[in-house]
Structures are given as structure tokens and as C-alpha cells.
Amino acid sequence: MCDQISDAILDAMLKGDPNSRVACETATKTGLILVFGEVTTKTYVDIQNIVRETIREIGYDNPDYGFDCDACSVLISLSEQSPDIAQGVDEKTDHEQGAGDQGMMFGFATNETPEFMPLPIVLAHKLTKRLVDVRKQKEISWIRPDGKSQVTIEYHDGKPIRADTVLVSTQHNPDVSYEQLKKEVIEKVIKPVCKDWIDEKTKFLVNPTGKFVIGGPVGDAGLTGRKIIVDTYGGHGAHGGGAFSGKDPSKVDRSAAYFARYVAKNIVAAGLADKCELQIAYAIGVADPVSILVDTKGTGKIPDEKIEQIIKKVFSFKPAHIIKHLNLRRPIYKKTAAFGHFGRDDPDFTWEKTDKIVELKKEASL
């Protein structure tokens, strides 16, 4: 919820002013939404309305759920971006656009799935999307908006072979029996998504505590960026620690992580490696990264050092070039804030394109 609110506000600002600088955080607890951070924009945004409509779309539109989009308080504490940061990030005649912060960003790709993503996180995202679909399409009448999933995959020689355990937790009405709940989740949620990977030994864990009536902000406080591993690769790839949502693309936490995914995916799609993890490091206010490191986990068809040389020739990692190449100054971010930022088949997710295959193969002489 907090990620989607932060990105909905970002989208509204980018729609009115593509050069908006946004670092928007959201926190929530029972009856309360707090929006805070730093923004610099030339447009007007009705933040109260955006917050309430985002919560409504998520599904908290009924007082019986303990949290209601129309009744909750919305507090706003936003100030302008620090001029000390702006002077290093702004592009001027004598200064190209620098990175919005220091830090490390990682990108990852593997050829074990058509999405070039690790299988466990692909299935986990599809399960949570399926939970939303059966609720909104009323295939299951008792489901409430809060839900999460986890999938344990058995690997042999680095290849996925079966689902060992599938875990789904979903908020529900108080009058549904556990037996009905478990049966419907297995038949209508888990099996349609995981049917190619489950066998007679697969374990299904549905609401393992036996009850999940209290959910959403009433059950757990929320904060933007709290689930960064779910947002990325499910723990298969490394993570630099920077969250994505609520940040405009001048923040390399987001844009460089997207670009690292783009580069890693193209490397794998081009057949240079079966897996690729790319690390980029930046200094605040400096355009060129201070470090680029490739790790193909021993699967490279050519040495990792050679791949590093190739990507430095084929790709520019300067923030302004990343933003232009991926066309990131658009209101596309709200839909990234649920079901993962990577491995999605959506034309707005430009970092998922594999348009450098021919050039990479040529440089690698493959």
C-alpha cells in the first residue's frame, strides 16, 4: 500500500512536470496515512485525493476491514529538495547530471524462466496477482485485500525441477471456515499458477496460523520500501539496499537498478552467460559510476572481464543517458509497486527489452 501511494504521487507529479524531483515516503497504521519527504515540482497535485483513490483501488473501501479509504486521516509533510543535493544532480552548462546519491545497485538475470527471472519469485508474484484477480472477479467471495506468498523450489545442478512448498496467506472474512478457505485457495489460486511445478509431494501451506482476519494497516504498520527483496529477485541476486518507490529517475537507487537489470537481461538473452549479476556503484553528484562489476556465477561463455569491457562499450551508465534510453520521465511507476518491478511483460517496463542482443553477440564474437 505505501509503495503504491508513493508511486501514485510520483506519477501525478511526472505527468504535470516530467522534471519533477520526488523523494516521497509513505507510512501507515490504523486509521492513518502519513506522506512525507522532499519534492520539487512545477505542477499541483491533489495528494489527499490520490492517497484515498489508491487505497480504494487496493480494496480498503469498507469500514468492516478496519481501514477505510474515506475515513482514514491523511497527513502530509513535504518540503523542497535540498539545494546542496540539487547543485550536484542538476544538469547545467558546465556540469552534466550527476547521480542523486551514492550507493550500490544490482541487476540480475537468469535463463531458467522465459522472464529471465528466478522461478521462485516469478511464481510468488503470480500467486499474489491471482489472489487479487479472484477477489476482484468475485471467484472467491470471502477474500480481503491483504495477502502474501512464498514458494520453495527444489534445484538440481542449478536447474529448477519441482515446487517443494507453496505458501499463501490471505486475509479473509471472519465467517469462512478454515477447511473451505484452504480448499478454495489450493484449487483456485495455487494450482492454476503452479500446476507445471507441483507433484504429489508438494506441500501446501495456506494461512499457517489458521486465521487471518485482521490485516492491512490494522495488523501491521506499513512503510515505503519495506519489501525490497520482493520488489527484485527474491533473494537470488544481491541488493544494494536502496528502495524504488516514490523516487523519480534522477535517484540512481531506482534508475540504475532498472538499468542494471536491463544490461544483465540482455547479456543472458544474448547467450553470453546463463546467469548474470551486475553491480554498479555511484558517488553523489558524479555522472560516471565509480565501479562496474560483472559476475556470471561461473556460467559465462567468455570471461567476466571481457563482458565488463563489452558492456562499457555498448551501454552508457550516466544517469542522464539511463533516463533517456529507458524513457523514465513518464508516469509509469504506480503499476511497478505491486507484483514486482522485473520480469513483467509490459511495454512501459522498458528495462525488460532485449534490444541489444545482436550488438552484444557481435562484440563477443558469438
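None of these values were measured; they are calculated from a predicted model.
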Considering only NZ, NE, NH1 and NH2 on the basic side and carboxylate oxygens on the acidic side, decide whether Glu352 and Arg261 come within less than 4.0 Å.
yes

Less than 4.5 Å apart, side chain to side chain, heavy atoms only: is that true for His236 and Ile121?
no

Have Ser20 and Thr41 got a donor and an acceptor in their side chains that come within less than 3.5 Å?
yes

Expected output: side-chain Asp17 to main-chain Thr43 donor-acceptor under 3.5 Å
no

Taking ring pair (Phe, Tyr, Trp, His ring centres under 6.0 Å) as the test, write out the residues that go with Phe349, two or more places apart.
Trp351

Glu184 side chain reached by Lys188 side chain, heavy atoms, under 4.5 Å
yes

Do Arg254 and Thr336 have side-chain atoms, one donor and one acceptor, less than 3.5 Å apart?
yes

Should the ring pair Tyr65 and Tyr60 be called parallel, tilted or perpendicular, given that the plane angle runs from 0 to 90° and is split at 30 and 60?
perpendicular

Validation row: Tyr155, Ile161 side chains within 4.5 angstrom (heavy atoms)
no

Strictly below 4.0 Å, N to O, side chains only: are Lys362 and Glu359 in salt-bridge contact?
no

Under the side chain to side chain contact (heavy atoms under 4.5 Å, CB included) test against Phe67, which residue among Ile33, Asp146, Asn62 passes?
Ile33

Is a salt bridge present between Lys251 and Asp248, judged by a nitrogen-to-oxygen distance below 4.0 Å?
yes

Tell me if the centroids of the rings in Tyr258 and Phe342 come within less than 6.0 Å of each other.
yes

Residues which pass side chain to side chain donor-acceptor pair (under 3.5 Å) with Thr296, listed by chain and number, not counting sequence neighbours
Asp304

What are the two closest non-hydrogen atoms of Gly235 and Ile229, and how far apart are they?
N-CG2, 3.2 Å

Non-hydrogen atoms of Phe108 and Pro118 that approach each other most closely:
CE2-CG, 3.7 Å

Flag side-chain contact, heavy atom, 4.5 Å: Trp197 against Pro160:
yes

Enter the distance from Ile267:CD1 to Thr299:OG1 here, rounded to the nearest 0.5 Å.
10.0 Å

Check whether any side-chain heavy atom of Phe315 sits under 4.5 Å from a side-chain heavy atom of Tyr262, and report yes or no.
yes

Check whether any side-chain heavy atom of Lys275 sits under 4.5 Å from a side-chain heavy atom of Val268, and report yes or no.
no

Nearest non-hydrogen partners of Asp348 and Arg330, listed with the distance:
OD1-NH1, 3.1 Å

Salt-bridged, Arg162 to Asp164, with N to O below 4.0 Å?
yes

Give the minimum heavy-atom separation between Cys24 and Val35, together with the two atoms involved.
SG-CG1, 3.6 Å

Thr54 versus Ala8, closest heavy-atom pair with distance
OG1-CB, 3.5 Å

Do the two ring centres, one from Phe244 and one from His341, sit under 6.0 Å apart?
yes

Can you give me every donor-acceptor pair (side chain of residues 215-227, partner residue at least two apart or in another chain, under 3.5 Å) with its distance?
| residue | atom | partner | partner atom | Å |
| --- | --- | --- | --- | --- |
| Thr224 | OG1 | Cys2 | O | 3.4 |
| Thr224 | OG1 | Ser6 | OG | 2.8 |
| Thr224 | OG1 | Thr26 | N | 2.9 |
| Thr224 | OG1 | Thr26 | O | 3.3 |
| Arg226 | NH1 | Ala221 | O | 2.8 |

Distance from Gln102 atom CD to Tyr282 atom OH, nearest 0.5 Å?
14.0 Å

